[in-house]
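Note sheet for the following structure.
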Amino acid sequence: MDITEAVENEQITLYIEGEIDGTNADELEEQLRAAADKTDNIVVDLSKLEYISSAGLRAFLMIQKQMKRQAGSMCLVHVNDEVMAIFTVTGFIKLLNIKED
């Protein structure tokens, strides 16, 4: 997994590439938490994400809850069909803020 960060105005966009699984989900959560500490507006671009495991889903859920507590938002964008299928089957499509193309 590779994560690239871009900052524009008050928004941080994280571009995630590769796969999120149990070996790197902690790194994802750390980077999301660091972004949440700097802004109330996070956008996560998943256009190059190939796979996400339950550990990755948990990381997104934890940060989604943190953002709600601080009256901020985290939005997932450019979710491909394979990853959207995982979100749908697991019910996370109802828990996460996903902007469909």
Side-chain angles (χ1 to χ4, degrees):
M1 171 189 71
D2 290 316
I3 301 175
T4 306
E5 181 179 302
V7 179
E8 183 175 333
N9 300 323
E10 299 288 321
Q11 176 180 297
I12 294 177
T13 303
L14 298 174
Y15 298 88
I16 302 177
E17 185 173 345
E19 298 183 356
I20 301 170
D21 56 30
T23 65
N24 58 18
D26 287 343
E27 177 187 343
L28 170 65
E29 187 172 344
E30 287 173 18
Q31 293 217 1
L32 286 168
R33 196 167 303 282
D37 289 342
K38 294 186 269 185
T39 187
D40 289 333
N41 188 6
I42 300 173
V43 174
V44 183
D45 186 314
L46 300 180
S47 59
K48 295 186 179 179
L49 182 66
E50 299 164 7
Y51 171 78
I52 185 167
S53 73
S54 59
L57 293 172
R58 180 190 171 282
F60 280 131
L61 184 60
M62 298 302 292
I63 302 306
Q64 180 79 26
K65 287 180 179 181
Q66 177 181 341
M67 294 305 288
K68 281 187 179 183
R69 281 192 305 271
Q70 66 190 52
S73 70
M74 177 180 74
C75 182
L76 308 180
V77 299
H78 306 297
V79 181
N80 64 44
D81 292 341
E82 293 81 15
V83 174
M84 187 63 83
I86 294 169
F87 288 148
T88 302
V89 168
T90 59
F92 273 71
I93 195 165
K94 296 176 185 174
L95 301 173
L96 299 173
N97 182 13
I98 301 170
K99 182 179 175 190
E100 297 192 43
D101 293 334

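The CD atom of Gln66 sits 12.0 Å away from the CG atom of Leu61 when rounded to the nearest 0.5 Å. Atom CG in Asp40 sits 13.5 Å away from atom CE in Met74 (nearest 0.5 Å). Rounded to the nearest 0.5 Å, atoms SG (Cys75) and CD1 (Ile42) are 11.0 Å apart. Remark: Leu14 CG to Gln31 CD distance equals 7.0 Å, nearest 0.5 Å. Atoms CD1 and OH, from Ile86 and Tyr51 in turn, are 6.0 Å apart once rounded to the nearest 0.5 Å. Atoms CD1 and CG, from Ile52 and Leu57 in turn, are 4.5 Å apart once rounded to the nearest 0.5 Å.
Considering only heavy atoms from C-beta on, Glu29 comes within 4.5 Å of Arg58 through its side chain. In this structure, Leu28 and Phe60 have side chains that are in contact, with non-hydrogen atoms separated by less than 4.5 Å. For the pair Phe92/Leu76, no side-chain contact is recorded, criterion being any heavy-atom separation below 4.5 Å from C-beta on.
Taking Glu17 as the reference, nothing meets the salt bridge (charged side-chain N to carboxylate O under 4.0 Å, His left out) condition, with sequence neighbours excluded. For Thr4, the side chain to side chain contact (heavy atoms under 4.5 Å, CB included) criterion is met by Tyr15, not counting sequence neighbours. By the side-chain hydrogen bond (donor to acceptor under 3.5 Å, both in side chains) test, Lys48 pairs with no residue at all, sequence neighbours left out. Residues meeting the side chain to side chain contact (heavy atoms under 4.5 Å, CB included) test with Lys68, sequence neighbours left out: Gln64. Thr39 is linked by a side-chain hydrogen bond (donor to acceptor under 3.5 Å, both in side chains) to nothing, counting only residues two or more places apart in sequence or in another chain.
Asn24 places no side-chain N or O within 3.5 Å of a backbone atom of Asp2 that could act as its donor or acceptor partner. Looking only at distances, no side-chain donor or acceptor of Asp45 sits under 3.5 Å from a matching main-chain atom of His78. Looking only at distances, a side-chain donor or acceptor of Asp21 sits under 3.5 Å from a matching main-chain atom of Thr23. The backbone N or O of Ala35 lies less than 3.5 Å from no partner atom in the side chain of Glu5, so there is not a single donor-acceptor pair.
Nearest heavy atoms, Gly56 versus Ala25: N-CB, 3.9 Å. Taking both residues in full, the closest heavy atoms of Lys38 and Ile12 are given as CB-CD1, 3.9 Å, listed atom of the first, atom of the second, then distance. Across all their heavy atoms, Ser73 and Met67 have their closest contact at O-CE, 3.4 Å.
Exactly one of Leu32, Val44, Leu96 qualifies for a side chain to side chain contact (heavy atoms under 4.5 Å, CB included) with Ile63. That residue is Leu32.
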Exercise. What do the steps show when you test Met1 against Ile16 for side-chain contact (heavy atoms from CB on, under 4.5 Å), and what is the final call?
Worked result: CA-CA 7 Å; Met1 171 189 71; Ile16 302 177; 4.0 Å; yes

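Residue pairs meeting the salt bridge (charged side-chain N to carboxylate O under 4.0 Å, His left out) criterion with at least one partner in residues 69-85, sequence neighbours excluded, are absent.
Cluster membership check: Met84 shares its hydrophobic cluster with Leu95, using side-chain heavy-atom separations under 4.5 Å among Ile, Leu, Val, Met, Phe, Trp and Tyr.
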